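Below you'll find the structure, written out as structure tokens, and then a few comments.
The shown structure was predicted, so the numbers you read here are calculated from the model rather than taken from an experiment. Just the heavy atoms: all of them, side chains too, but no hydrogens, waters or symmetry mates, feed the values below. Proteins come first, then strands; the chains are lettered A, B, ... in the order of their sequence lines, and each starts at number 1.
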Protein chains: 2
Amino acid sequence: MIHESKARLLEAALKVIRTKGYNATRIEDICQEAALTKGSFFHHFKGKEELALAAAEYWSQTTGELFENAPYHDHADPLARLLGYIDFRRDLLRGELPEFTCLVGTMVQEIYETVPAIRNACESSICGHAATLEGDIRAARKKYRPGGDWTDESLALYIQSVLQGSFVLAKARQRTTVAVDNLNHLRRYIEMLFPSFKPETGS
Amino acid sequence: MIHESKARLLEAALKVIRTKGYNATRIEDICQEAALTKGSFFHHFKGKEELALAAAEYWSQTTGELFENAPYHDHADPLARLLGYIDFRRDLLRGELPEFTCLVGTMVQEIYETVPAIRNACESSICGHAATLEGDIRAARKKYRPGGDWTDESLALYIQSVLQGSFVLAKARQRTTVAVDNLNHLRRYIEMLFPSFKPETGS
DNA sequence: AGGTATATACCGACTGATTGGTATGTTGTC
DNA sequence: GACAACATACCAATCAGTCGGTATATACCT
């Protein structure tokens, strides 16, 4: 089991980095947010970069669990599961921006050229999550045989791109509505990609 | 007319910020890139924040001109112009990442909560650019009368979101292919949104 | 033409504040 | 007493911003 103070530091890191970005985040900001001191911080982490790696790992795990346990998996139909994922993502767009924004998407923009280790961690996190959608996409394709020249992977990554872009625009506009509208566009696209699919009644 | 050294500093700022992000960019990095000194920098700009605002303004202007003079405006059909824009954006995805990546999209992720003035400038830049698409979208809608519950503005912003998200994913994967695939998905979506449109022959 | 005043453009040494990281504790627990 | 978990004082490096100074150009006066 992970130590409580370490978990507090990681939670604090998520909050501060998602708010101020990685580079502007001072180690003492995180300590303050976690109500601990630098002594404790450097006891648990070698330095800022190791924290970022741990935070990305922690992020992958916690969000992974969130999506694993999400209700959209209950649909019998694979395409319904995929659309359910979109709806679930849309429902997550609540509260303040740093609460629903993506940690690794924020970090990778800053360090993609300068800190390869963090970039790799961000890539794993994003692409690993995208990969969880590929099974349903493949199954939906097999079932509904849609046309079009695209791969399962490219659609999964497209979905993630729309999400990441929605966060950027939401930050620029300081409003959530753009993100909601975008997910509605995305949902419509996926529905149109599978014209032979008839949506179930109900939510 | 803008002073040559000031323009050099702005160009240098674009390059460095797009590579390292805003916060990690040191004023001396920019001076070095521009082959000038801090004395010159502080002669032209009050400080880092004023530089960021000037850079955003400069970015809006130069990219504005690029798109104004782009060939996609030559199409007679408004939807062909919109699709031409997508193709044009796809053709821009050449060279190294910092060369085709968006300055203001990069900056806004870092400072959206901490520097309102820069955030406003980024919002203006992105939304101002998006607004240049709305005319063609509106005209295409009038001409082709598509169904669906969406607004001109939301589609324009969706297009920008896909672009911004593509940059994030491209940075994470260190490859351009994701971005190209995404624009192909986006193009397909727009084509499907307007089912009564028959694409012209040719490019 | 010569002289001088003023402003712009630029240089580079310096400073003060910040901050990542360290070193040295102190406390609690097995 | 040994070690983990934290605290605190401190150090060294970095960097935004300052400041005094130089070079060049233009304008104005005599």
Exercise for review: Nearest whole angstrom, please: distance from the P of C/dC10 to the CG of B/Leu36.
Suggested key: 6 Å
Revision key, fill the gap. Rounded to whole Å, NZ of B/Lys46 lies from P of D/dA16 at a distance of 18 Å
Check your understanding: Would you say the base of D/dG17 and the side-chain of B/Lys48 have a donor-acceptor pair closer than 3.5 Å?
Key -> no
Exercise for review: Mind calculating the distance between CD1 (B/Ile30) and C1' (D/dG17) to the nearest angstrom?
Suggested key: 14 Å
Point to revise | Value in whole Å for how far the C1' atom of C/dA7 lies from NE2 of B/His3 | key: 12 Å
Check your understanding: Are side-chain N/O atoms of A/Thr63 and A/His129 paired as donor and acceptor at under 3.5 Å?
Key -> no
Point to revise | Selected nucleotide, minimal atom distance to B/Ser40 side chain, candidates C/dC11, D/dC6, C/dA9 | key: C/dC11
Point to revise | DNA chain D-proximal residues of residues 14-24 of chain A, any heavy atom under 4.0 Å | key: none
Check your understanding: If you check the B/His43 side chain, which of C/dT8, D/dC6, C/dC11 turns out closest?
Key -> C/dT8
**Study point:** 5′-ward residue of the pair A/Gly39/A/Thr25 relative to DNA chain C
**Key:** A/Thr25
Check your understanding: Atom CD of A/Glu28 to atom C1' of C/dT18: distance rounded to whole Å?
Key -> 9 Å
Review point. Could one point to a donor on the side chain of A/Lys38 or the base of D/dA7 with an acceptor on the other under 3.5 Å away?
Key: no
Check your understanding: In a check of salt bridge (charged side-chain N to carboxylate O under 4.0 Å, His left out) between A/Asp136 and each of A/Arg81, A/Arg141, A/Lys142, which one passes?
Key -> A/Arg81
Point to revise | pair B/Leu157-A/Arg173: side-chain heavy atoms closer than 4.5 Å | key: yes
Exercise for review: Mark yes or no: B/Arg18 above the aromatic ring of B/Trp59, with NZ or CZ under 6.0 Å from the six-membered ring centre and no more than 45 degrees from the axis.
Suggested key: no
Exercise for review: Give the rounded distance in Å between these two atoms: CZ of A/Phe41 and P of C/dG21.
Suggested key: 8 Å
Review point. Cut-off 3.5 Å, side chains only: do A/Arg89 and A/Tyr85 have a donor facing an acceptor?
Key: yes
Check your understanding: Any idea which of D/dC6, C/dT22, C/dA9 is nearest the B/Ser5 side chain?
Key -> C/dA9
Point to revise | Atom-pair distance (NE2 on B/His44; C1' on C/dC11), nearest Å | key: 12 Å
Exercise for review: With the side chain of B/Phe42 defined as its heavy atoms from C-beta on, choose the nearest nucleotide among C/dT19, C/dG12, D/dG17.
Suggested key: D/dG17
Point to revise | Rounded distance (Å) that lies between atom P of D/dG17 and atom CD of B/Glu50 | key: 11 Å
Check your understanding: For B/Phe41, what residues pass the ring pair (Phe, Tyr, Trp, His ring centres under 6.0 Å) criterion, not counting sequence neighbours?
Key -> B/Phe45
**Study point:** Proximal nucleotide (of D/dA16, D/dT8, C/dG12) relative to the B/Arg26 side chain
**Key:** D/dA16
**Study point:** Side-chain heavy atoms of A/His185 within contact of B/Ser154, under 4.5 Å
**Key:** yes
